[in-house]
Amino acid sequence: MNAAETGNGPIRVGVIGGRGRMGSEVCRAVEAAPDLELAAVVDEGDSLSALVDAGTQVAVDFTHPGVVLDGIRFCVEQGIHAVVGTTGLDEQRLATIRGWLEPHPDRGVLIAPNFAIGAVLTMKFAEIAARYFESAEVIELHHPRKADAPSGTADHTARVIAAARRSAGLGAAPDATTQELAGARGASVDDVRVHSVRLAGLVAHQEVLFGTEGETLTLRHDSLDRKSFMPGVLLGVRKVSDLPGLTVGIEGLLEL
Ligand SMILES: NC(=O)c1ccc[n+]([C@@H]2O[C@H](COP(=O)([O-])OP(=O)(O)OC[C@H]3O[C@@H](n4cnc5c(N)ncnc54)[C@H](O)[C@@H]3O)[C@@H](O)[C@H]2O)c1
Ligand SMILES: O=C(O)C1=N[C@H](C(=O)O)CCC1
């Protein structure tokens, strides 16, 4: 059987970054699922060929923005479907992945900035709300060992809001700031301000603030434990072989 086919038995899953915070949680979740089998665990210093040697059908990647493309390319070339949670994959990098997939129409790569159902819903609600408010800003709050800022989720949320504002014909949000200490107004992602907090004790949290004359709306999501990401990751592992090509986000799998 081609590795890209998952067949009827348990799906053989390999985890890239399997000794990290997310990767080790994924290993536990896969081991606890009767329809999945943990075939390989790969981390820094290990060869990706261990995935092939172990007959991996679906690889899950939670590594680092600096190395994630290597794992995805390896999987596509070796006929292994990939479920990717690692952040830092901008439009240019997504285009590169689409290029790798072109000669391999049977392979699936699913990339999601956030696998937690509440975070996915927050982004959906933000998309709905965006057209009704003059102002929108995003605050993301994470543990201090996080490598990237802003978070992939905040970046995605800001872009979703910006697109909804554009299609509703909204211009720039009101802001009279002319004098600013560098960074005081956060980063501008597609003209939406994004603020990053790094605080010991946190896991992954986000607030989306909307405001207009006389009212505000705040959407808040909290991942209090990395277990919150596991149902989404396992859903991706089970579905990715039915999703040839590149899929971004799990909202389509949840039928939102
Ligand atoms: N999509 C989501 O729902 C979601 C949720 C949480 C975290 N993340 C993202 O997942 C990524 C990992 O987060 P984390 O908190 O688990 O980080 P972490 O630092 O705890 O884990 C990363 C692991 O990758 C390993 N690694 C580094 N280079 C490697 C290589 N070349 N080959 C194999 N393994 C390698 C590291 O040794 C480490 O064990 C980050 O980009 C983070 O933003 C996404
Ligand atoms: O802990 C992290 O790192 C997280 N990264 C993702 C992001 O950047 O949005 C998802 C939430 C947790």
Side-chain angles (χ1 to χ4, degrees), residues 84-85 87-95 97-98 109-142 146 148-180 182-197 202-224 228-229 231-232 235-236 239 243 245-256:
V84 180
T87 42
L89 290 164
D90 58 15
E91 270 310 317
Q92 199 181 341
R93 297 175 116 207
L94 295 179
I97 296 165
R98 281 191 194 96
V109 175
L110 169 65
I111 296 173
N114 201 310
F115 283 97
I117 176 74
V120 177
L121 287 171
T122 302
M123 289 186 263
K124 191 72 193 170
F125 297 155
E127 184 180 17
I128 295 168
R131 64 174 54 238
Y132 300 106
F133 293 88
E134 279 178 89
S135 302
E137 303 214 2
V138 179
I139 306 172
E140 54 96 341
L141 311 90
H142 281 81
K146 183 165 177 55
D148 52 326
S151 70
T153 309
D155 183 88
H156 194 74
T157 307
R159 290 181 196 283
V160 163
I161 291 169
R165 286 176 66 89
R166 269 195 298 274
S167 55
L170 292 181
D175 182 354
T177 310
T178 49
Q179 245 188 311
E180 181 192 350
R185 293 287 292 116
S188 174
V189 176
D190 213 351
D191 286 336
V192 174
R193 292 285 164 173
V194 179
H195 311 267
S196 297
V197 176
L202 296 183
V203 178
H205 316 259
Q206 178 167 283
E207 284 191 2
V208 188
L209 279 61
F210 293 102
T212 199
E213 198 68 35
E215 63 173 318
T216 64
L217 170 69
T218 302
L219 305 173
R220 181 171 174 119
H221 175 254
D222 296 277
S223 270
L224 305 169
S228 61
F229 304 109
L235 179 67
K239 297 276 187 189
L243 298 167
L246 178 64
T247 304
V248 179
I250 60 166
E251 44 277 31
L253 281 64
L254 299 168
E255 290 164 21
L256 292 182

Identify every side-chain donor-acceptor pair in residues 110-119 under 3.5 Å, counting partners at least two apart or on other chains, and give the distances.
unit_1, atom_1, unit_2, atom_2, d
Asn114, OD1, Ala116, N, 2.9
Asn114, ND2, Thr153, OG1, 3.0

Which residues share a side chain to side chain contact (heavy atoms under 4.5 Å, CB included) with Ala172, sequence neighbours left out: none
Side chain to side chain contact (heavy atoms under 4.5 Å, CB included) assessment of Leu202 paired with His142: CA-CA 5 Å; Leu202 296 183; His142 281 81; 5.8 Å; no
Leu217 to Ala129 - nearest heavy-atom pair and separation: CD2-CB, 3.9 Å
Side-chain (His205) to main-chain (Val203) donor-acceptor, under 3.5 angstrom: yes
Sequence neighbours excluded - side-chain hydrogen bond (donor to acceptor under 3.5 Å, both in side chains) pairs with any residue from residues 246-256: none
Listed partners of Thr212 passing side chain to side chain donor-acceptor pair (under 3.5 Å), at least two apart: Glu134
CD on Glu215 to OH on Tyr132, rounded to 0.5 Å: 12.0 Å
Spatial distance of atom CG (Asp155) from atom OG (Ser196) [nearest 0.5 Å]: 10.0 Å
Residue pair Leu170 / Ala130: nearest heavy atoms and the distance that separates them: CD1-O, 3.7 Å
Set of salt bridge (charged side-chain N to carboxylate O under 4.0 Å, His left out) partners for Glu127, sequence neighbours left out: Lys124
Minimal non-hydrogen separation, Gly236 against Leu253, with atom names: CA-CD2, 4.1 Å
Spacing of CD belonging to Glu213 relative to OG1 belonging to Thr216, to within rounding of 0.5 Å: 12.5 Å
Salt bridge (charged side-chain N to carboxylate O under 4.0 Å, His left out) partners for Asp90, two or more places apart: none
Shortest non-hydrogen separation from Ala154 to Val138 and the atoms involved: CB-CG1, 3.9 Å
CD1 on Ile97 to CG on Leu246, rounded to 0.5 Å: 6.0 Å
Results of side chain to side chain donor-acceptor pair (under 3.5 Å) for Thr122 - residues two or more places apart only: none
Sequence-distant partners of Ser151, side chain to side chain donor-acceptor pair (under 3.5 Å), two or more places apart: none
Pairs meeting criterion salt bridge (Lys or Arg N to Asp or Glu O under 4.0 Å) with involvement of residues 167-176, two or more places apart: Asp175-Arg185
Arg159 (side chain) donor-acceptor with Val189 (main chain) under 3.5 angstrom: no
Gln92 atom CD, over 12 foreign heavy atoms within 6.0 Å: no
pair Phe210-Ser135: side-chain heavy atoms closer than 4.5 Å: no
Pairs touching residues 186-197 that satisfy salt bridge (Lys or Arg N to Asp or Glu O under 4.0 Å), sequence neighbours left out: Arg166-Asp190
Listed partners of Thr218 passing side chain to side chain contact (heavy atoms under 4.5 Å, CB included), at least two apart: Glu207, Leu209
Shortest non-hydrogen contact between Val192 and Ala136, atoms and distance: CG1-O, 3.8 Å
Separation between OG1 of Thr157 and CE of Met123, rounded to the nearest 0.5 Å: 5.0 Å
Evaluation steps, side chain to side chain contact (heavy atoms under 4.5 Å, CB included), between Leu243 and Val109: CA-CA 8 Å; Leu243 298 167; Val109 175; over 6 Å; no
For His195, all residues meeting side chain to side chain donor-acceptor pair (under 3.5 Å), sequence neighbours excluded: Glu137
Flag if over 12 foreign heavy atoms under 6.0 Å of NZ, Lys146: yes
Reported CZ-to-OG distance for the pair Arg131 and Ser167, which is rounded to 0.5 angstrom: 5.5 Å
